[in-house]
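We count ligands from 1, going down the list as the structure has it; atoms in each ligand are counted the same way. Note that the structure is a prediction, hence the values are computed from the model and not measured.
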Amino acid sequence: MEKTKITTILETSNLSYAYSDGKKALEDVNIKFLRGSRSVVLGANGAGKSTLFLLLNGLYRPTSGKIFFDGEELVYSTKFLRKLRSRVGVLFQDPDTQLILGSLREDISFGPMNLGLERKVVEERVERALIATRLEKYADSAVHSLSYGQKRRAGIAGLLAMDPEVLILDEPTAGLDKRSQQELFDLLKELIDQRGISVILSTHDIDLAYSWADYLYLIDSGRVVANCVDCTSAAIFDFFTQGFSKFASCGFVPPQVIELYSELKRVGIFSSNNKGHNDTQYPHSMSELIKIIKEL
Ligand SMILES: Nc1ncnc2c1ncn2[C@@H]1O[C@H](COP(=O)(O)OP(=O)(O)OP(=O)(O)O)[C@@H](O)[C@H]1O
Ligand SMILES: [Mg+2]
């Protein structure tokens, strides 16, 4: 079978950014985000995640270095930025900067209408986005009257209606309850598997990064300090276990599932007498670990 060629969709080259007060938020960042991948930018508060994302969609301009989208260097003309933003959707960390218009339906319609699509197509996209984010019953509510979690889901609905190739999500799980988080990941999985969308998300949740990423970049004080590219189950497990000192120096504790699995191994639960277990199993979530235990 012919292997699908993996291509870079967004790339930064020696990217640096300083705020106007002189604060260096990013320094010499080199990252390749691949088409159809699940990329995670992991970093503690203040590491530079939001700054990076604001650069990737052209809202900020690099102090030095370059950004490429689909092989083309970003230029800051209205025409280029329009094209970029129709293909790359960004969920901002603060939902109040994302939502602007009166009712939720109007707000979600704004992006696709600006693309010049027919009214009927816009209406269909908006309905689909409302259903996917379970916000149908709030369609006619004023956006400012929504709760924080609903606003975050509304931001995602607005992006979905644009039908982007890349979704950049700044801490998408913040403020979402467990059910909404699960639904978001089910939706992202569907978008990646069925439409080949690329998802780039930021988080300071190491459990989420470990369970979700196939490409992971750890950033600290504006620099990439570790990365795991094209991570198989085993590779990302090793990355988190063997190279943990890099995470620890950024203030992280190991993913809970790795801690529990390692402890169970240490006390002999997975001894060679237990035929149901072998050393090629790498649980990425509590449910996967429970499945391994049940199979013993
Ligand atoms: N408007 C600003 N002016 C000056 N410095 C800023 C500004 N916004 C962010 N910074 C600084 O830039 C650095 C990176 O901030 P950024 O918001 O990108 O971090 P983050 O990783 O998104 O953090 P968080 O997890 O808290 O969202 C921080 O040291 C922050 O203090
Ligand atoms: Mg941030």
Original post:
Which is closest to atom 12 (O) of ligand 1 by heavy-atom distance: Ala47, Gly222, Ala25?
Top reply: Ala25
Subject >> Trp212 and its side chain to side chain contact (heavy atoms under 4.5 Å, CB included) partner, picked from Thr203, Ile236, Thr173, Leu188 >> reply: Leu188
Original post:
What residue and heavy atom of the protein are closest to atom 25 (O) of ligand 1, and at what distance?
Top reply: Lys49 NZ, 2.7 Å
Original post:
Out of curiosity, is Glu171 lining ligand 1, as in a heavy atom under 4.0 Å away?
Top reply: yes
**OP:** List every atom of ligand 1 that sits less than 4.0 Å from any heavy atom of Asp21, numbering the atoms from 1 in the order shown and giving each element.
**Re:** 4 (C)
Original post:
What protein heavy atom is closest to atom 17 (O) of ligand 1, reported as residue, atom name and distance in Å?
Top reply: Ser50 CB, 3.8 Å
Original post:
Is it true that a side-chain atom of Ser37 and a backbone atom of Ser198 form a donor plus acceptor pair closer than 3.5 Å?
Top reply: no
Original post:
So among Tyr215, Phe247, Tyr217, which one has a ring-ring contact (aromatic ring centres under 6.0 Å, His included) with Phe239?
Top reply: Phe247
**OP:** Assess the pair Phe33 and Phe69: is the distance between their ring centroids shorter than 6.0 Å?
**Re:** no
Subject >> From Tyr60, Tyr17, Phe53, Tyr19 - option closest to atom 7 (C) of ligand 1 by heavy atom >> reply: Tyr19
**OP:** Starting from atom 14 (C) of ligand 1, find the nearest protein heavy-atom neighbour and note its residue, name and distance.
**Re:** Gly46 O, 3.4 Å
**OP:** Enumerate the atoms of ligand 1 whose separation from the nearest heavy atom of Gln93 is less than 4.0 angstrom.
**Re:** 27 (O)
Original post:
Does the pair Glu123/Arg105 count as a salt bridge with the N-to-O cut at 4.0 Å?
Top reply: no
Original post:
Is it true that Arg195 and Asp163 make a salt bridge, defined as a side-chain N closer than 4.0 Å to a carboxylate O?
Top reply: yes
Original post:
Are any side-chain N or O atoms of Asp207 and backbone N or O atoms of Gln256, one a donor and one an acceptor, separated by less than 3.5 Å?
Top reply: yes
Original post:
Any idea which protein heavy atom is nearest atom 30 (C) of ligand 1, and the distance to it?
Top reply: Lys23 CE, 4.6 Å
**OP:** Do me a favour and list the nearest non-hydrogen protein atom to atom 19 (O) of ligand 1 with residue, atom name and distance?
**Re:** Gly48 N, 3.3 Å
Original post:
Would atom 22 (O) of ligand 1 count as contacted, meaning some protein heavy atom under 4.0 Å?
Top reply: yes
**OP:** Identify the protein heavy atom lying closest to atom 26 (O) of ligand 1, giving its residue, its atom name and the separation to 0.1 Å.
**Re:** Asn45 ND2, 3.2 Å
Original post:
Just one of Ile200, Asp170, Ile67, Thr12 clears the side chain to side chain contact (heavy atoms under 4.5 Å, CB included) bar with Leu52, so which one?
Top reply: Thr12
Original post:
So which heavy atom in the protein is nearest atom 15 (O) of ligand 1, and how far is it from that ligand atom?
Top reply: Thr51 OG1, 3.8 Å
Original post:
Any sub-3.5 Å donor-acceptor pair from Arg152's side-chain atoms to Pro95's backbone N or O?
Top reply: no
Subject >> the Mg ion (ligand 2) to nearest N/O/S of Thr51 less than 2.8 Å >> reply: no
Original post:
Between the Mg ion (ligand 2) and Ser50, is there an N, O or S atom separated by less than 2.8 Å?
Top reply: yes
Original post:
Phe237 vs Tyr261 aromatic rings, parallel, tilted or perpendicular, using cut-offs 30° and 60°?
Top reply: perpendicular
Original post:
Salt-bridged, Arg266 to Glu263, with N to O below 4.0 Å?
Top reply: yes
Original post:
Can you check whether a protein heavy atom sits less than 4.0 angstrom from atom 2 (C) of ligand 1?
Top reply: yes
Original post:
Does Ser20 approach ligand 1 within less than 4.0 angstrom via side chain, backbone, both or neither, non-hydrogen atoms only?
Top reply: neither
